[in-house]
Amino acid sequence: MIMCPACQYQEVVGALFCSECGAQLHNMGSLATHNIQTNEIRSQSFEAPPPERKDLVNYQIASLQILDGGQLLTLANRNEFTVGRVSEGQTIIPDVDLTAHNAYEYGVSRLHVVLKRKEKKMMIMDLGSANGTYVDGIRLKPEQETPLSHGSIISLGKLRIQFLFQD
Amino acid sequence: MSDYYALLGIFRDATKEEIKRAYFEAAQRVHPDKNEAPGETEIFLDVQKAYDILSNPKKRAEYDLSLAPEEESSSPILQRTFYSRQSLVRLNETQLIYALLEWKPRQNKNEVISPPLNICLVLDNSTSMKGENIGMVKASAIHLIRSLRPEDILSVVTFSDRAKVLIPSSLRPDHRKMENKIRVMHPSGGTEIFQGLQEGVAQVRKNFSAERVNHVILLTDGQTYGDEKESLELAKETADFGIGISGLGIGEDWNDEFLDELASRAGSSSSYIANPQEIQKFLEEKFKQLAKVFAENVELKFNASPNTELTYIYRVQPNAAHLLSKKTIQLGMILRDKPLTLLLEFTVKSSAVIEDEVNLLVGSLSFEIPSQTLQSQPMRVRVFREVTEKASLEPPSPTLVQALANLNLFRMQETAQKEAADGKYNEASRRLQHLATHLLSHGERSMAKTVLLEAENLQGEQSFSEEGRKKIKYGTRALLLPAEKGKN
């Protein structure tokens with residue numbers, strides 16, 4: 001048996017979604033935070049890193065780089081990612097959880113934005129977050145898709161993330 | 001030397017069970033006690049010999065080596081299978097595995113010609129259709145008549161408490177005359193679906209031909225009383241004859257379970273038309289779909305493997321629907337430009353994973369291709385996985401995960417409806433709240449709102465509202481349809 005992290009329901013091995021609360025159960029593998037030589041990155045102090053870090057970034061897939069800390073989150077294997085933070089008693093878990101990056105203190109909502117792959121582009125949509133989403137300083141209207149480009153700076157509340165994507 | 005596989009009518013990779021079953025059937029058919037025709041006894045002896053060799057793994061392996069290689073598969077249909085896991089794990093408990101099966105034409109979609117249509121519209125003409133509904137139906141029907149090609153056949157049957165052939169099926173139709181007949185439709189009386197359906201099927205049968213797409217489209221806004229059973233039996237017979245049935249329900253009052261069951265027996269599904277302005281859109285989509293048929297009467301026949309169970313089967317496209325797991329499943333049609341996609345959930349018992357390989361489903365897919373006069377040979381369908389000691393770390397196919405994520409939402413509302421029907425209002429309401437959260441994170445704001453409203457209704461009134469219930473069911477079902485890709 002496996003246990004649903006959201007509602008503690010005992011689910012049969014091999015289930016990909018909890019039949020009780022509907023939460024996604026399987027680990028998508030590469031969705032976890034990748035700590036890639038963070039010591040080296042941290043030792044360099046930079047404002048906004050140049051996006052050409054070919055040694056670190058696989059440009060086939062989109063990545064998010066947390067500007068305050070340098071960790072790289074890879075977005076792979078699916079076409080849609082919700083980004084937010086986990087809190088207690090929450091039934092839905094975002095695909096990309098920013099809790100470890102002080103998301104609460106920075107004002108990230110539980111379901112803040114969704115990133116969607118559309119043909120060769122990545123789109124971003126604010127899900128009605130409390131503190132809003134900014135892309136390169138411009139505030140997004142909620143529920144409206146906006147295309148992202150390589151190197152864009154996304155602010156979820158006060159948390160700043162750089163978007164890396166090239167095909 | 002004769003081909004023993006052909007003699008028994010089985011595939012070369014037939015399982016032990018299939019060989020045994022085929023042998024029993026053949027032996028009964030040609031048993032000397034029953035057959036006195038000259039030569040039958042020899043066939044019976046051949047069947048005996050075939051079984052003797054094929055049922056013995058060692059002899060079978062030797063025999064297989066002596067066979068000429070099978071001709072390169074020339075099936076007009078391509079098959080693909082995706083799995084949720086690379087392998088089953090040798091566990092001491094029950095496990096689940098999902099498979100996504102896909103069939104599409106081998107030919108390029110532009111090379112296939114559209115077969116001529118043979119369609120009957122069976123239109124509800126009861127009192128409740130008065131006003132906007134009938135107005136839109138008339139306008140849509142006239143629009144369809146104008147878009148017919150010379151080779152297409154369209155008949156129209158109207159029904160209330162009795163059925164009437166408004167436009168008979170004809171090979172040389174007069175389109176002007178047809179339009180005039182539609183204009184004089186005048187709704188009155190009750191709703192009795194069986195009579196209308198029977199008359200509609202009779203019209204399609206009149207000019208039935210394997211080279212055409214033969215289909216009945218039933219459009220209703222009400223409940224039928226007392227003739228559900230007859231209607232369902234008729235749908236089954238109709239499907240066996242090679243005619244499909246689709247159902248379109250307008251507004252809140254029609255019985256979606258009945259119409260779904262009716263259409264699913266004939267390989268299609270029902271659609272929900274929330275308001276009359278959409279009637280034309282739905283009818284046109286249906287016609288467009290039928291004009292794109294590549295293969296019809298697609299049937300999956302299979303035998304359950306011991307220790308594994310097919311626990312859920314869902315047709316993702318075309319005509320999304322939850323299908324009942326039976327030995328023979330009518331799957332309907334394969335379109336030129338979109339694959340026929342099935343999502344299957346298997347429950348595998350611990351007793352199955354003792355073997356090194358588990359057959360989850362072994363069977364065959366039969367179909368008819370209107371544009372090809374020759375009868376097509378059934379295709380082998382085999383869903384299987386090897387058993388390993390450790391789980392593989394490879395992530396599941398993204399296509400499958402995407403489909404499952406959406407199916408997950410559809411199943412949540414299914415469960416909530418069942419719980420509500422069983423009087424478990426609190427459970428149903430809580431489940432709907434979960435569903436709403438997931439819908440929100442998918443960006444489906446308005447549907448999430450409908451779902452929350454129904455969650456409240458369940459708490460207060462202890463029942464769904466008909467409108468909300470249908471909206472949720474058909475809305476979550478629509479989520480499963482893969483997004484349209486630009487052109488097509």
Side-chain angles (χ1 to χ4, degrees), chain A residues 1-2 4 6-7 9-32 61 75-84 89-96 109-119 123-129 142-145, chain B residues 83-85 87-89 91-98 311-312 345-350 353 385 391 393-416 427 430-446 483 485-486:
Chain A
M1 294 299 223
I2 44 178
C4 170
C7 72
Y9 182 76
Q10 293 283 323
E11 191 57 82
V12 181
V13 175
L16 299 189
F17 292 89
C18 173
S19 63
E20 190 59 28
C21 72
Q24 188 164 331
L25 296 175
H26 64 293
N27 183 1
M28 290 304 301
S30 41
L31 278 183
I61 43 180
L75 306 175
N77 293 322
R78 28 193 313 188
N79 287 325
E80 213 177 295
F81 304 87
T82 50
V83 182
Q90 186 179 342
T91 52
I92 170 92
I93 295 171
D95 300 322
V96 179
S109 290
R110 280 174 284 196
L111 284 175
H112 201 113
V113 288
V114 60
L115 299 172
K116 280 184 205 170
R117 194 185 290 267
K118 268 204 178 158
E119 284 162 24
M123 309 294 282
I124 186 167
M125 184 170 89
D126 182 277
L127 295 168
S129 64
E143 307 290 336
Q144 262 185 31
E145 291 183 4
Chain B
Y83 293 94
S84 66
R85 286 192 280 155
S87 62
L88 288 163
V89 188
L91 284 176
N92 217 353
E93 56 181 296
T94 302
Q95 54 188 307
L96 290 179
I97 184 159
Y98 297 89
T311 32
Y312 200 90
E345 178 188 83
F346 297 96
T347 306
V348 183
K349 292 194 195 124
S350 58
V353 291
R385 286 284 82 178
L393 291 171
E394 220 168 303
S397 138
T399 323
L400 187 140
V401 174
Q402 189 60 50
L404 257 182
N406 291 327
L407 180 63
N408 174 39
L409 302 179
F410 179 78
R411 284 179 84 170
M412 284 179 84
Q413 66 84 30
E414 250 183 4
T415 314
E427 282 92 334
R430 203 181 57 221
R431 201 174 297 278
L432 288 183
Q433 283 166 8
H434 284 312
L435 175 59
T437 324
H438 292 299
L439 284 169
L440 264 183
S441 76
H442 278 67
E444 298 288 338
R445 233 191 154 86
S446 88
K485 282 180 213 124

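Because the structure is predicted, anything quoted here is derived from the model rather than measured. Below, chains carry the letters A, B, ... as their sequence lines are ordered, and counting in each starts from 1.
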* Min side-chain heavy-atom separation A/P94-A/V83 under 4.5 Å -> no

* To do: Let me see the working for B/T311 and B/T347 under side-chain hydrogen bond (donor to acceptor under 3.5 Å, both in side chains), right down to the final yes or no.
  => CA-CA 6 Å; B/T311 32; B/T347 306; 2.9 Å; yes

* Asked: Given that the side chain runs from C-beta out, which part of B/R411 has a heavy atom under 4.5 Å from chain A: side chain, backbone, both or neither?
  -> neither

* Asked: Non-hydrogen atoms of chain A under 4.5 Å away: do they reach the side chain of B/L88, the backbone, both or neither?
  -> neither

* Structure fact -> In terms of heavy-atom contacts, A/G14 and A/I2 come closest through N-CD1, 4.3 Å

* Structure fact -> Turns out that what part of B/L91 lies under 4.5 Å from chain A's heavy atoms comes down to side chain

* Is it true that B/R430 and A/E20 make a salt bridge, defined as a side-chain N closer than 4.0 Å to a carboxylate O? -> yes

